[in-house]
Amino acid sequence: KVAPRPPIYYNMIAMPIIGAHVSAAGGLYNCFDNAKRIGATAIQIFGASPRGWTAKLPEAEVIKKFKELHKASGVDPVFLHAAYLVNLGTTNTKLWHASVSSLISHLKIADLIGAQGLIFHLGSSNGLPKDTAAERVVEGMKRVLAAVPGSTQLIMENGAGGGSKLGSTPEEIGLIYKALKSPRAKVCLELGGKNPLIVCDDADLGKAVEATLGSAFSNAGQRCAAAA
């Protein structure tokens, strides 16, 4: 994997790495040209279609070219986003297993190309009590992490709004995070507006997810990568 880029300091404050979700159409490695066009220093891409259950693993030549261009680009970190269909909180057994399988495939892609992690939405409780649905999320994430060993991160993105959406509060995310007990489990915060994100790799994520934008940067320091 590409070595993490050191933080940039202004007035002794570690500045966030700014990037965006960019297209990888026509070949995963094309994302680096698209990142260069907008001046991004961090990116999020889809490793496969976000609207289907199947995810084809990239060929060896594609992986090789991706890693070469990644190293030369100066863009780091790279994150993948999982399929939108995933729902680990569902009561539908078939959908739950399909969600686990989909995440496994997308996390394998992230691992193969040397991405830092895979970002995904937890799903919804579908009428289950939130704590029961959270248990299903934890079990699903544990299976995904076990199926794809290594250091590639599995990153929970908070849900927009309330209702049956999972991960819409710091308490829900914190419950799941603590139950996982995995250094590979991380949290991605969508902060509203034009969907700015912060991916936090903090020793105490409980504090990070409860923080405001400013203090989230402060708490996580150089270990935060932001994508606006």
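Not measured: the values here are computed from a predicted model. Values reported hereafter were calculated over all heavy atoms of this structure, with side chains retained and with hydrogens, waters and symmetry mates removed.
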Supply the atom-to-atom distance [X] [atom1] to [Y] [atom2], rounded to the nearest 0.5 angstrom.
{"X": "Leu28", "Y": "Leu112", "atom1": "CG", "atom2": "CG", "value": "10.5 Å"}
{"X": "Leu145", "Y": "Ile104", "atom1": "CG", "atom2": "CD1", "value": "9.5 Å"}
{"X": "Ser164", "Y": "Leu128", "atom1": "OG", "atom2": "CG", "value": "10.0 Å"}
{"X": "Leu118", "Y": "Lys108", "atom1": "CG", "atom2": "NZ", "value": "13.0 Å"}
{"X": "Asp131", "Y": "Ser125", "atom1": "CG", "atom2": "OG", "value": "10.0 Å"}

Exercise. Hey, are Thr90 and Asn92 close enough side-chain-wise for a donor-acceptor pair under 3.5 Å?
Worked result: no
Problem set entry | Salt-bridge contact Lys64-Glu68 (side-chain N to carboxylate O under 4.0 Å) |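 Answer for the salt bridge query: yes.
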Donor-acceptor contact present, side-chain [X] to main-chain [Y], <3.5 Å:
{"X": "Asn30", "Y": "Ala24", "answer": "no"}
{"X": "Arg184", "Y": "Thr152", "answer": "yes"}
{"X": "Glu139", "Y": "Glu135", "answer": "no"}

Exercise. Are the aromatic ring centres of His21 and Phe46 under 6.0 angstrom apart?
Worked result: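 Ring-ring flag for His21/Phe46: true, centres closer than 6.0 Å.
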For this session: Please work out which of the three classes, parallel, tilted or perpendicular, describes the rings of His70 and Phe32, given edges at 30° and 60°.
Result: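 Ring orientation, 0 to 90° scale: parallel.
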Problem set entry | Parallel, tilted or perpendicular: rings of His121 and His81 (30°, 60°) | tilted
Exercise. Any link between Val148 and Leu180 through a network of hydrophobic side chains (Ile, Leu, Val, Met, Phe, Trp, Tyr) touching at under 4.5 Å?
Worked result: yes
Exercise. Could you go step by step and tell me if Asp76 and Thr41 meet the side-chain contact (heavy atoms from CB on, under 4.5 Å) rule?
Worked result: CA-CA 6 Å; Asp76 194 68; Thr41 56; over 6 Å; no
